[in-house]
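Working notes for the structure below.
Only heavy atoms go into these numbers, but all of them, side chains included; no hydrogens, no water, no symmetry mates.
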Amino acid sequence: MRIIPVPNQSDNYAYILIDDVTKKAAAVDSFDVPKVVKAAEKEGVQIVAGITTHHHQDHSGGNAAFAVKFPGVRMYAGSKTAPAITDVVSDKDEFTLGENIEIRALHTPCHTQDSTCFYVHDVKTDQKAVFTGDTLFRGGCGRFFEGTAEEMDAALSYLGTLPDSTVLYDGHEYTKGNAAFARSVEPASSGVQRLVQLVKSSPKTTGKSTIGDEKEWNVFMRLENEAVQKATRETDRVQVMAKLRSMKNGFKG
């Protein structure tokens, strides 16, 4: 299994998920279809599926053009609010790519009510990864546009049940700002210091961390940590989450 990030717009990521044995590929959040096509051609793979993490235009805005470019290709999402979707997936629905890649939908409503993460597992190599759209970011989480703090806590807790070795591929390059915010909340955390060093060493951080890392440095997944509760002046999980999101929304660091 290989995953090729395709940066687009100012800070978005699309991805090409590749089954190496068959050279079959799925495109994730392919907003800029020409860029995705160019990347697929460079890798010598055939795109046979499309995946959309949620309906926001900066993620699904290329779907119509994608459907024209690849007629008859199945396109998966958590709802038909996004354009050109052929297959609406529910939580825990599964489908395959090529011979070896199993894909499982994880319904994670909050950023949008159709937000769906996609956990992928190569059964031959045992590689694991998850596409999280705008639900989970490296060191952060999405805004609660269509949901509540309780839903985001549930979504991140759900993602936290994935194997710690699962590699994270998110929807935007927000890590620098997330690291600065995390340091303001947990300044003594060794995990946060690792996140800061990651940002310093690599301007493009997607695919360079795991779910296990997030448990150590993502304050939105550390709601019961003493330092996080002290920073928010809250102890109830949901209230800690709500306060963190409010703090992050106004953070200027």
Exercise. First locate atom OH of Tyr13, then atom CD1 of Ile4, and finally report the distance between them rounded to the nearest 0.5 Å.
Key: 13.0 Å
Quiz item: Between Ile3 and Ile16, does a side-chain contact (heavy atoms from CB on, under 4.5 Å) hold up when you go through it step by step?
Solution: CA-CA 6 Å; Ile3 297 172; Ile16 299 175; over 6 Å; no
Quiz item: Is the closest side-chain heavy-atom distance between Val120 and Glu102 below 4.5 Å?
Solution: no
Distance-only check: which donor-acceptor pairs under 3.5 Å involve side-chain atoms of residues 90-97, not counting sequence neighbours?
{"unit_1": "Asp91", "atom_1": "OD1", "unit_2": "His107", "atom_2": "N", "d": "3.0"}
{"unit_1": "Asp91", "atom_1": "OD1", "unit_2": "Tyr158", "atom_2": "OH", "d": "2.7"}
{"unit_1": "Asp91", "atom_1": "OD2", "unit_2": "Tyr158", "atom_2": "OH", "d": "3.3"}
{"unit_1": "Lys92", "atom_1": "NZ", "unit_2": "Tyr158", "atom_2": "OH", "d": "3.4"}
{"unit_1": "Asp93", "atom_1": "OD2", "unit_2": "Ser90", "atom_2": "N", "d": "2.8"}
{"unit_1": "Glu94", "atom_1": "OE2", "unit_2": "Arg104", "atom_2": "NE", "d": "3.4"}

Self-check item: Of all pairs that satisfy salt bridge (charged side-chain N to carboxylate O under 4.0 Å, His left out), the ones with a partner from residues 244-253, not counting sequence neighbours
Solution: none
Quiz item: Roughly how far, to the nearest 0.5 Å, is OG of Ser209 from CG of Leu168?
Solution: 5.0 Å
Quiz item: Under 3.5 Å, side chain of Ser60 to main-chain N/O of Ala82, donor-acceptor pair present?
Solution: no
Quiz prompt | Least distance between heavy atoms, Gly140 atom then Phe220 atom | solution = CA-CD1, 3.8 Å
Quiz prompt | Worked check of side-chain contact (heavy atoms from CB on, under 4.5 Å) between Glu234 and Leu244 | solution = CA-CA 10 Å; Glu234 301 285 355; Leu244 282 172; over 6 Å; no
Quiz item: Which atom pair, heavy atoms only, marks the closest approach of Gln229 to Val240?
Solution: CG-CG2, 4.1 Å
Self-check item: Approximate separation, where rounding is to 0.5 Å, of Lys230 NZ and Thr235 OG1
Solution: 15.0 Å
Practice problem: Kindly determine whether His121 and Asn100 satisfy side-chain hydrogen bond (donor to acceptor under 3.5 Å, both in side chains), including the steps that lead there. | Solution: CA-CA 8 Å; His121 178 217; Asn100 296 306; over 6 Å; no
Quiz item: Any donor-acceptor pair under 3.5 Å linking the side chain of Ser157 with the backbone of Asp153?
Solution: yes
Quiz item: If you measure from CD1 on Ile18 to CD1 on Ile101, what distance do you get to the nearest 0.5 Å?
Solution: 8.5 Å
Quiz prompt | Side chain proximity check, Ile211 to Pro163, heavy atoms < 4.5 angstrom | solution = no
Self-check item: Over all atoms of both residues, closest heavy-atom pair of Lys124 and Asp122
Solution: N-OD1, 2.8 Å
Exercise. Given side-chain hydrogen bond (donor to acceptor under 3.5 Å, both in side chains), test His54 with Asp29 step by step and report yes or no.
Key: CA-CA 8 Å; His54 63 294; Asp29 287 351; 5.0 Å; no
Practice problem: Would you mind reporting whether Arg74 and Tyr76 have side-chain heavy atoms less than 4.5 Å apart? | Solution: yes
Exercise. Could you walk me through whether Thr22 and Asp19 pass side-chain hydrogen bond (donor to acceptor under 3.5 Å, both in side chains), step by step?
Key: CA-CA 6 Å; Thr22 62; Asp19 175 54; 2.6 Å; yes
Exercise. Before accepting this row, confirm whether a basic side-chain N of the pair Glu173/Lys204 lies closer than 4.0 Å to the acidic partner's carboxylate O.
Key: no
Exercise. For residues Phe118 and Phe131, establish whether the separation of their ring centroids is below 6.0 Å.
Key: no
Practice problem: Assess whether atom NZ of Lys176 is packed by more than 12 heavy atoms of other residues, nucleotides or ligands within 6.0 Å. | Solution: no
Self-check item: Test item: Gln239 side-chain N/O and Asp236 main-chain N/O as donor-acceptor pair under 3.5 Å
Solution: no
Quiz prompt | Polar side chain donor-acceptor pair, Glu150 to Thr148, under 3.5 angstrom | solution = no
Quiz item: Between Ser202 and Val199, is there a donor-acceptor pair closer than 3.5 Å when you use the side chain of the first and the backbone of the second?
Solution: no
Quiz prompt | Intermediate values then yes/no, side-chain contact (heavy atoms from CB on, under 4.5 Å), Tyr15 and Val36 | solution = CA-CA 8 Å; Tyr15 297 99; Val36 169; over 6 Å; no
Which atom pairs, one a donor and one an acceptor, fall under 3.5 Å between side chains of residues 41-52 and the rest of the protein, sequence neighbours left out?
{"unit_1": "Glu43", "atom_1": "OE1", "unit_2": "Arg2", "atom_2": "NH1", "d": "2.4"}
{"unit_1": "Gln46", "atom_1": "OE1", "unit_2": "Lys24", "atom_2": "NZ", "d": "2.7"}
{"unit_1": "Thr52", "atom_1": "OG1", "unit_2": "Asn63", "atom_2": "ND2", "d": "3.1"}

Practice problem: Under the side-chain contact (heavy atoms from CB on, under 4.5 Å) rule, what do Asp134 and Thr53 come out as? Steps first, then yes or no, please. | Solution: CA-CA 8 Å; Asp134 287 1; Thr53 60; 6.0 Å; no
Quiz item: Between Gln193 and Ala188, is there a donor-acceptor pair closer than 3.5 Å when you use the side chain of the first and the backbone of the second?
Solution: no
Quiz prompt | Side-chain (Glu214) to main-chain (Gly160) donor-acceptor, under 3.5 angstrom | solution = no
Quiz item: Looking only at heavy atoms, which two atoms of Phe31 and Gln57 are closest? And how far apart?
Solution: CD1-O, 3.3 Å
Quiz item: Where the side chain of Ser201 meets the backbone of Gln197, is there a donor-acceptor pair that is under 3.5 Å apart?
Solution: yes
Quiz item: To the nearest 0.5 Å, what is the distance between SG (Cys110) and CD (Glu151)?
Solution: 5.5 Å
Quiz prompt | Verdict with supporting geometry, Glu224 and Arg237, salt bridge (charged side-chain N to carboxylate O under 4.0 Å, His left out) | solution = CA-CA 7 Å; Glu224 296 182 357; Arg237 289 184 62 89; 3.2 Å; yes
Quiz item: Do the side chain of Thr116 and the main chain of Asp114 share a donor and acceptor less than 3.5 angstrom apart?
Solution: yes
Self-check item: Atom NZ of Lys208: over 12 foreign heavy atoms under 6.0 Å
Solution: yes
Practice problem: For the pair Glu146 (side chain) and Gln113 (backbone), establish whether a donor and an acceptor sit closer than 3.5 Å, ignoring hydrogens and angles. | Solution: yes
Quiz prompt | Partner of Arg138 under side chain to side chain donor-acceptor pair (under 3.5 Å), chosen from Asp213, Asn218, Thr132, Thr205 | solution = Thr205
Quiz item: Say you draw a straight line from CG of Asn225 to OG of Ser189; how long is it, rounded to the nearest 0.5 Å?
Solution: 7.5 Å
Quiz item: Any chance the rings of His59 and His111 have centres within less than 6.0 Å?
Solution: no
Quiz item: Of all heavy-atom pairs between Ser115 and Thr112, which one has the smallest distance, and what is that distance?
Solution: OG-OG1, 2.7 Å
Quiz item: Asp20 and Met1: which non-hydrogen atoms are nearest, and at how many Å?
Solution: OD2-N, 3.2 Å
Quiz item: Got a donor-acceptor contact below 3.5 angstrom from the Ser30 side chain to the Ala27 backbone?
Solution: no
Quiz item: Heavy-atom distance under 4.5 Å between the side chains of His56 and Phe145, does that happen here?
Solution: yes
Quiz item: Got Val238 and Leu223 here, is their nearest side-chain heavy-atom distance under 4.5 Å?
Solution: no
